[in-house]
Amino acid sequence: FFHTMFIFYSIASISKYPIFIRDAIGLEVIEKVMKVNDGNYYMSELGVQSVDCFNVKDNMAVHGFYMEGDTKIVDATGYLYAKRDYLNNQHLIDCYNVIVTHAVGGEGYVIPNTTRILEKGEACSVTYLCGGGTAYREKAVRLLKYIKSKFARFLILQTISGQNISASSFMFVPVFKFDETDNIDWSISIAGIDKQLYNKYNLTTEEINYIENKIKPMTDVNEESMVVDREDTAEHTGKIKLNRQEIEAAMVNKIIQNS
């Protein structure tokens, strides 16, 4: 009987969705989410940017030391820097965003190695997916909690087969406004938010228990990656903060010495 039901749900997922959904309960949850969401946006359509949305990879203007007026770029190994004019999606730099690493750890857990708020004036490298684009930090905090919820990560899990996620991995995660119109109290714990989401999408006790056992919890804390600001540690590393004119002068002197 179970084998027959699995085949039935598999055929249903192939006919309705762009990916093959292997989890029968996952498919049931997706169906309920889509029914309640009723044509509204999902985070893959509105919210999560494509990989390297700031055009950091292979960008010759990006460097590993601070120059006056540079934009900070959060990278897995520390901060990189570049002039704002050389980066894409500059409007996002003026906003609060939430970044998530591509890599997800733990079998079936969907726990990004880094999930944190990107402050105004910061960009991120190709290591991360970026979403949000809000003028209000409180909304970014609520988005961070939402992405950390078991509900959202269970929906993401249905789209991935390896250890990496992309913008399309959020295709079943509904978009919220993160204000009073959501009818969700975002001020409470992630576990409390999950309970509200389960209720909103009419999940059964069986489906809730399945998600709760399948997905490992994440903390409510704004988890920061081990980012080291090369500017702040200059006195310890021997690096000196230079402005553009000083760097250009140093380059000219080096050319003269080598000529």
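For the numbers below, each heavy atom of this structure counts, side chains included, while hydrogens, waters and symmetry mates do not.
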Give, for atom [atom1] of [X] and atom [atom2] of [Y], the distance between the pair rounded to the nearest 0.5 Å.
{"X": "Ile190", "Y": "Arg153", "atom1": "CD1", "atom2": "CZ", "value": "7.5 Å"}
{"X": "Leu92", "Y": "Gln49", "atom1": "CG", "atom2": "CD", "value": "5.0 Å"}
{"X": "Asp70", "Y": "Glu68", "atom1": "CG", "atom2": "CD", "value": "9.5 Å"}
{"X": "Ile208", "Y": "Asn213", "atom1": "CD1", "atom2": "CG", "value": "12.0 Å"}
{"X": "Cys124", "Y": "Lys72", "atom1": "SG", "atom2": "NZ", "value": "15.0 Å"}
{"X": "Glu138", "Y": "Ser187", "atom1": "CD", "atom2": "OG", "value": "8.5 Å"}

Stepwise, does the side chain to side chain contact (heavy atoms under 4.5 Å, CB included) test hold for Asp23 with Val29? CA-CA 10 Å; Asp23 190 328; Val29 172; over 6 Å; no
What do you reckon, are the aromatic ring centroids of Tyr79 and Tyr66 less than 6.0 Å apart? no
Would Phe178 and Tyr136 count as a close aromatic pair, with their ring centres under 6.0 Å?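 No, the ring of Phe178 stays outside the 6.0 Å limit from the ring of Tyr136, centre to centre.
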Taking Glu207 for the side chain and Ile25 for the main chain, is one N or O donor matched with an acceptor at less than 3.5 Å? no
His63 vs Tyr81 aromatic rings, parallel, tilted or perpendicular, using cut-offs 30° and 60°?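 Geometry flag for Tyr81 against His63: parallel rings.
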In terms of ring plane angle, is the pair Tyr201 and Phe176 parallel, tilted or perpendicular, where the classes change at 30° and 60°?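 Tyr201 vs Phe176 ring planes: perpendicular.
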Set of side-chain hydrogen bond (donor to acceptor under 3.5 Å, both in side chains) partners for [X], sequence neighbours left out:
{"X": "Asn164", "answer": "none"}
{"X": "Glu212", "answer": "Lys150, Tyr198"}
{"X": "Asp85", "answer": "none"}

Do Leu143 and Met43 have side chains that approach each other closer than 4.5 Å (heavy atoms only, starting at C-beta)?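 In short, these two side chains touch, coming nearer than 4.5 Å.
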